[in-house]
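A short worksheet on the structure shown next.
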Amino acid sequence: MERLPFALSAMNFTAVLPQIILVATGLFVMIGGVFKNAAKTRFAGILSLFGAVLALASLYFNRMPSRLSPSSFGGMVLTDRFSFFLTLVICLIIILTVLVSLSYADFFEKLNSAEYYALILFAGVGMIFMSCAGNLILLFVGLETMSIPIYALTGFHKSQLESGEAALKYFLLG
């Protein structure tokens, strides 16, 4: 059996704990969006908000350099102060975006709000991976993880012709 260049330890997974929480929340929001009821719009937003706050709270484990090495997963994920700061800012932006989106309940009556919130969470995961990238492969994976949900968010309002046109232009230029 071939040995991995890094050890799968709790310290490695602690470095990517905010990303794991955001991905799990996005998956739960998508699964919850399957069930149709009147409170679906509000539930998806509140669940997304809870996941983003939990990801922000999980940064407590990454804040002390003495607890973690400067890199995890064989140097692929950096856990320095700069990546901590950018992860903090991105989590705050996700929280603010979800809070602002919660007030547009009438806008989401025609659209599937669970997809909207899941796309926001997945785009945030891509941004965090880009900020923590220690090599070019993770930077590219983070860029693609961020850009594909943003393409979908650009064309999210399907009934407006301008939304589809903007998504197509953004996709072709990207």
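Sequential numbering from 1 along the given sequence is applied to the chain's residues.
For the residue pair Ile90 and Ser131, the shortest heavy atom distance occurs at CD1-OG, 4.4 Å. For the pair Ala52 and Leu22, the tightest heavy-atom approach, listed with the atom from each and the gap, is CA-CD2, 3.9 Å. Between Ser58 and Leu17, the closest heavy-atom pair is CB-CD2, 3.7 Å. Of all the heavy atoms in Ala114 and Ala44, the pair that sits closest is CA-CB, 4.0 Å. Of all heavy-atom pairs between Ala133 and Leu78, the closest is O-CD1, 3.6 Å. Heavy atoms only, all atoms of each residue included: Leu121 and Ser48 are closest at CD1-OG, 3.8 Å.
Leu136 is connected to Met76 through a chain of hydrophobic side-chain contacts under 4.5 Å among Ile, Leu, Val, Met, Phe, Trp and Tyr, so both are in one cluster. By the rule that hydrophobic residues join a cluster once side-chain heavy atoms approach within less than 4.5 Å of another member, Leu92 and Met130 end up as members of one cluster. Residues Ile93 and Val98 do not share a hydrophobic cluster, clusters being chains of Ile/Leu/Val/Met/Phe/Trp/Tyr side chains in contact below 4.5 Å. No path of Ile, Leu, Val, Met, Phe, Trp and Tyr side chains, each step under 4.5 Å between heavy atoms, connects Leu56 with Val89, placing them in separate hydrophobic clusters. The hydrophobic clustering, which links ILVMFWY residues whose side-chain heavy atoms are closer than 4.5 Å, places Val125 and Ile150 together.
Residues Tyr117 and Leu102 form a side-chain contact, since some pair of their non-hydrogen atoms from C-beta on lies under 4.5 Å apart. Between Leu86 and Ile128, the closest side-chain pair of non-hydrogen atoms is not below 4.5 Å.
Residue Leu172 places its CG atom among more than 12 non-hydrogen atoms of other residues, nucleotides or ligands, all under 6.0 Å distant. Counting non-hydrogen atoms of other residues, nucleotides and ligands closer than 6.0 Å to CZ of Phe28 gives a total of 12 or fewer.
To the nearest 0.5 Å, atom CE of residue Met146 and atom OH of residue Tyr151 are 8.5 Å apart. Rounding to the nearest 0.5 Å places CE of Met127 at 13.5 Å from SG of Cys132. To the nearest 0.5 Å, the span separating OG on Ser101 from CD1 on Ile94 amounts to 11.5 Å. For the atom pair CD of Glu115 and CD1 of Ile120, the computed distance is 12.5 Å after rounding to the nearest 0.5 Å. Going from atom CD1 of Ile148 over to atom CG of Leu153 covers 12.5 Å, rounded to the nearest 0.5 Å. Rounded to the nearest 0.5 Å, atoms CD1 (Ile95) and CZ (Phe50) are 11.5 Å apart.
If you run side chain to side chain contact (heavy atoms under 4.5 Å, CB included) between Phe129 and each of Val141, Val16, Leu139, only Val16 comes through. Residue Val23 is tested with Leu27, Ile21, Thr25, Ile20 for a side chain to side chain contact (heavy atoms under 4.5 Å, CB included); the sole match is Leu27.
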